[in-house]
There are 2 protein chains.
Amino acid sequence: MKWIANEGDERDVVVSSRVRLARNLKEWYFPSRMTPLQGSEVYEKIVNSANYGETNAFKMKDIPKIEQHMLVEKHVISPTLLMNQEISGFIMNKDETETIMINEEDHIRIQVLTAGLSLQQSYLKANQIDDFLESHLNYAFDEKLGFLTACPTNLGTGLRASVMLHLPALEMTKEINQLITMLNQFGLAVRGVYGEGTKALGSLYQLSNQSTLGDKEEGIVQKIEQLCRQIAAKEKDSRKKLLENNGVYFEDKIYRAYGLLKHTRTISAEEAVKLISLVKLGINLGLIENNTIELMDQLFVQIQPANIQYLSRQEMTSDERDVKRAQILRERIK
Amino acid sequence: MKWIANEGDERDVVVSSRVRLARNLKEWYFPSRMTPLQGSEVYEKIVNSANYGETNAFKMKDIPKIEQHMLVEKHVISPTLLMNQEISGFIMNKDETETIMINEEDHIRIQVLTAGLSLQQSYLKANQIDDFLESHLNYAFDEKLGFLTACPTNLGTGLRASVMLHLPALEMTKEINQLITMLNQFGLAVRGVYGEGTKALGSLYQLSNQSTLGDKEEGIVQKIEQLCRQIAAKEKDSRKKLLENNGVYFEDKIYRAYGLLKHTRTISAEEAVKLISLVKLGINLGLIENNTIELMDQLFVQIQPANIQYLSRQEMTSDERDVKRAQILRERIK
């Protein structure tokens, strides 16, 4: 969660920006078709080529289960990386902003994750790492198609740029539906970060590019960043209007969420995410004092199941987690 | 609300005890059939006969509307007393524990209202007032039927003894249903203090005798008081068991209610009664500190519509009351 502590642009709407590059090595099967031995060889090859800075390398199988899931909840590795643990692993820098996932769906997945709206900066960083790796490794690249990937949806640039947005006001005013339709037309996918299907728990949305083929990397990144600035402006405008037009009812919603978070003795992750979202909105609007947006962004993650168990250094039942979650929230929220 | 500040027996279950005696004057029509002139004469006659202590007399029509309803909410006068305002009125002592309602359904309704379980004491006091009035007035009395009353349900002793009970635990365990059936078999009526029909908002139940004919006054009063002690013991036992068996879930319910009451910006009377009830239970069990049972009993009444308007010295819309109610709760609850 170290990346959350960093400053970032448009931080009151944009939680984080992530750039991911998919790369593969020439003359090796894709991870899904490799033998354990081949997987190990590729893992070693990549780790040995990645001494571009102060990083650590981890084999997935050496990491305790709870810790693995905690890393997924923190968004620093993908759930797919847990699938083929015999051969998968990752390289990560100290503040957990840069990850190279090894033998996930592709041999290499470079991920740069930063707080706030910082796609261009994240892309530059990812590009640097990519250039470094490319100078030591033989990438699978086709002049016509671009970078070859295990799944054709990643073919071409291998780039996925995504932004996590907190859009409670646009959700309350239902403007979100129109916005999603518009973004889809721009070739962008929008999905809830938490929750199943189209339901976006805690008003947290992940926006990312769908196509990786044809567009230039810089163009994709710039387009998304520009759109996010517009969305952020729209969201902030809606927040102000909601407060102006609904005054006490709007405030009531926020203060009730705060009152509950400060006093529950047992709470599910789902309810907690919803309430944290409202309190975060309250902080943004100056209604709730003594708490920060950064704290709320941290709590979204730290109240997730594996994070709670990691903090408690033990496996816990769902009921035990709910009690621990309530305790964490009471203590951390001021 | 002055009576609530008094000490009382079984106070953690029994909110208040009330004894009411219905009496009428010989040779006068019942109030529903009196002319305004006759009504005034009876009013004056009773007021002039009631100088048994430090009391004040009020004609209903002289009291502002909000204040009238506030008195009803405080249970110191009955809603029926507002029906025929041309001729109705009341005499009341300083701490509002003793009321003589004039030209309600009957010419005289003596009411003694005290905190906690104190029916016998209330009955003795009502009896004293009754004796005093009887020595100055000519009661309508039949050797065979007893005291004559406008409605036959009050014929005989004219006595209604009632007790307000807070029974959240028996409600949660559903034991309340069995209890009500049993009490009905004993000839006692049970109804919710707040809420419509059988729904008892805030787990507040009013228990009272149905028959007034045949039984001796002392017997009725003693029987109800005895039953209430048993109910109180049962309720307290259930509370302890709920806390032991459901621990954190039970505590969570109570602390959430507390968190909401401390933070809402707008709240209906209905929701407030429910939440105050839970916080009161929390105080009883030592979970909530710095607040008293007496305060919660006061709040049950002070968050009612007329009380809020009386406090604000103005008529208010429902929305305005909801906001003021939230403010009162935030300020008064520690």
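Sequence lines set the chain letters: A, B, ... in the order given, protein chains first and strands last, and positions in each chain run from 1. What you see is a predicted model, and the numbers here were worked out from it, not measured in a lab. Worth knowing before you read on, the calculation uses all heavy atoms, side chains too, and leaves out hydrogens, waters and symmetry mates.
- Two residues are said to be in side-chain contact when any heavy atoms from C-beta on lie closer than 4.5 Å; B:His263 and A:Arg256 fail this criterion.
- Distance check: B:Lys253 NZ to A:Thr264 OG1 gives 14.5 Å after rounding to the nearest 0.5 Å.
- Around the NZ atom of B:Lys236, the shell of radius 6.0 Å holds more than 12 heavy atoms that belong to other residues, nucleotides or ligands.
- Contact annotation for A:Ile267: both backbone and side-chain heavy atoms come within less than 4.5 Å of a heavy atom of chain B.
- Residues of residues 310-330 of chain A lying under 4.5 angstrom from chain B, judged on non-hydrogen atoms, are A:Asp319, A:Val323 by number.
- For the atom pair B:Tyr258 OH and A:Lys262 NZ, the distance stands at 11.0 Å (nearest 0.5 Å).
- Under a cut-off of 6.0 angstrom, the local environment of CD in B:Glu67 is crowded, with over 12 non-hydrogen atoms contributed by other residues, nucleotides or ligands.
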